There are 2 protein chains.
Amino acid sequence: MFRIVNTKTGPGDMDQSTDIDIGSRLKAVRLAAKLSQRELARRAGVTNATISLIEANQMNPSVGALKRVLDGLPMSLAQFFALEDAPAASKPFYAADELVEVGKGKISYRQVGADLRSRALQILVERYAPGADTGRVMLRHAGEEGGVVVRGRLEVTVADQVRVLGPGDAYYFESDQPHRFRNIGPEPCELISACTPPTF
Amino acid sequence: MFRIVNTKTGPGDMDQSTDIDIGSRLKAVRLAAKLSQRELARRAGVTNATISLIEANQMNPSVGALKRVLDGLPMSLAQFFALEDAPAASKPFYAADELVEVGKGKISYRQVGADLRSRALQILVERYAPGADTGRVMLRHAGEEGGVVVRGRLEVTVADQVRVLGPGDAYYFESDQPHRFRNIGPEPCELISACTPPTF
DNA sequence: TTTTAGTGTTCACGATCCTGAACATTCTGC
DNA sequence: GCAGAATGTTCAGGATCGTGAACACTAAAA
């Protein structure tokens, strides 16, 4: 089975769905840290041969081995692969009326950018009409999320904690904790939120 | 060398610096997708034995193998490992005056939460005084970032593109592109931004 | 009950990783 | 020029991965 990336044809042109150019990536971060193969190998507790072979895409390292190597930089696996996910640059600017509405009813979620699949981050402008509620059944999904209230007041529930946030107040939690948002005031509430990975 | 995580002692108690509980994580995301080991194996093009052994932490899969498995879900490596980085829950709410100031001079960055090391996401309330400028030397770092302007106007430069954004307008780009922020108007500008991974 | 289809687990074996050591090359200092 | 130390590369071999096939179990259908 074909596994090794042929960097001679250009790492950007390869079939992304089957293989990854780990080698170039590792070399880039190693050089950014100004380390030699041997020095990184020493810190990571692997041999310099391993680093060499990985960078040359002449082997397919195990997750554990790659983690040990990255620990020597140091860098997390998530950070390392986050570099992989960055695709072709699309347009960087979005006018207020270009934001994509992905909510409905009393809750409006206006999303920055349309195609989420290739992104590490989902940014939303959320607007809760008076009485709007994400529901008694608490939401749960993987990842982390946070936000800042811009206008109005919002009751936020995270696990067993409840608090009413006003303009300038913020929240941040891991999304696998049950959570709920509710506008219990008389005026609409607006906030800007971000979460990773995108979960819509 | 010890490589396999003993899940019987509790995956949360293990030495995070050396090993990862890939097994539980994979099982969680597989079940979230409502797939059996065999069905996932079929989609991923691996054998069900591989899935079983990985989930039982009885082997240390290669990066390529894990990628093939995750492609079957589908989920990226970055997303998968982003789940790993989430540590113990801290307090989820932050009052406006609790945000940590990390900027200086004409630019104020007020950060949601203090300890970034363990987080996947950095959320900032940014405030640019009239004339404030991140500098002619363009910023560059790894990851992705985006934001929404709340008040005032801001000139944003990304690579060779320049645009002035007003309230409600947004931006999103990969951080390795050179970028610059500048308040060229007479009034202060405020925006809320997010980036991953945290880069301060 | 028996059959069929589904689940996850275990095992032998070929393929591959990863090491330890040698090799080739390029510097720097003398 | 020649030692010395640094760099990255290559190779044999033991350790491990990943497969293909069998196994044990459960649930639903005949």
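Just so you know, these numbers use all the heavy atoms, side chains as well, and skip hydrogens, waters and symmetry mates. On a predicted model such as this, the values are computed, not experimentally measured, just so you know. Each chain gets a letter, A, B and so on, in the order its sequence line appears, and its residues count up from 1.
A:L26 places its CG atom 13 Å from the P atom of C:dC18, with the value rounded to the nearest Å. Atoms CG (B:N57) and P (D:dT16) sit 16 Å apart, rounded to a whole Å. Taking atom CG of residue B:L53 and atom P of nucleotide C:dT10, one finds them 9 Å apart after rounding to whole Å. Atom CG of B:N60 is separated from atom P of C:dC17 by 13 Å (rounded to the nearest Å). B:M59 has its CE atom 13 Å from the C1' atom of C:dT10, to the nearest Å. Whole-Å rounding puts the A:Q58 CD to C:dC17 C1' distance at 13 Å. Between B:K67 atom NZ and D:dG18 atom C1' there is a gap of 18 Å when expressed in whole angstrom units. Between the P atom of C:dG6 and the CG atom of B:L35 lies a distance of 14 Å, rounded to the nearest Å.
For the pair B:L73/B:F80, no side-chain contact is recorded, criterion being any heavy-atom separation below 4.5 Å from C-beta on.
Counted by atom type alone, A:N57 and A:D21 present one or more donor-acceptor pairs between their side chains at under 3.5 Å.
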- Check step by step if side-chain contact (heavy atoms from CB on, under 4.5 Å) holds for A:L77 and A:L66. CA-CA 8 Å; A:L77 286 163; A:L66 182 58; 4.0 Å; yes
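Nearest nucleotide to the side chain of B:S62, out of C:dC18, D:dG18, D:dT9: D:dG18. Distance from the side chain of B:Q37 is smallest for C:dG8 among the nucleotides D:dT10, D:dG18, C:dG8.
Put simply, A:R30 has a side-chain N or O that comes within less than 4.0 Å of OP1 or OP2 on D:dG8.
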- Task: Assign a letter to each nucleotide of nucleotides 20-26 of chain D from its 5' end: B, base within under 4.0 Å of a protein heavy atom; S, sugar-phosphate only; -, no contact.
- Result: BBB----
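B:F173 and B:H179 have tilted rings, their planes meeting at an angle from 30° to 60° on a 0 to 90° scale.
If you check every strand for non-hydrogen atoms under 4.0 Å, A:S52 touches a base.
With hydrogens and angles disregarded, a donor-acceptor distance shorter than 3.5 Å links the side chain of B:T134 to the backbone of B:F181.
A:K67 and A:D71 are joined by a salt bridge, as a carboxylate oxygen and a charged side-chain nitrogen come within less than 4.0 angstrom of each other.
In this structure, the separation between OH on A:Y171 and CG on A:L154 is 8.0 Å, given to the nearest 0.5 Å.
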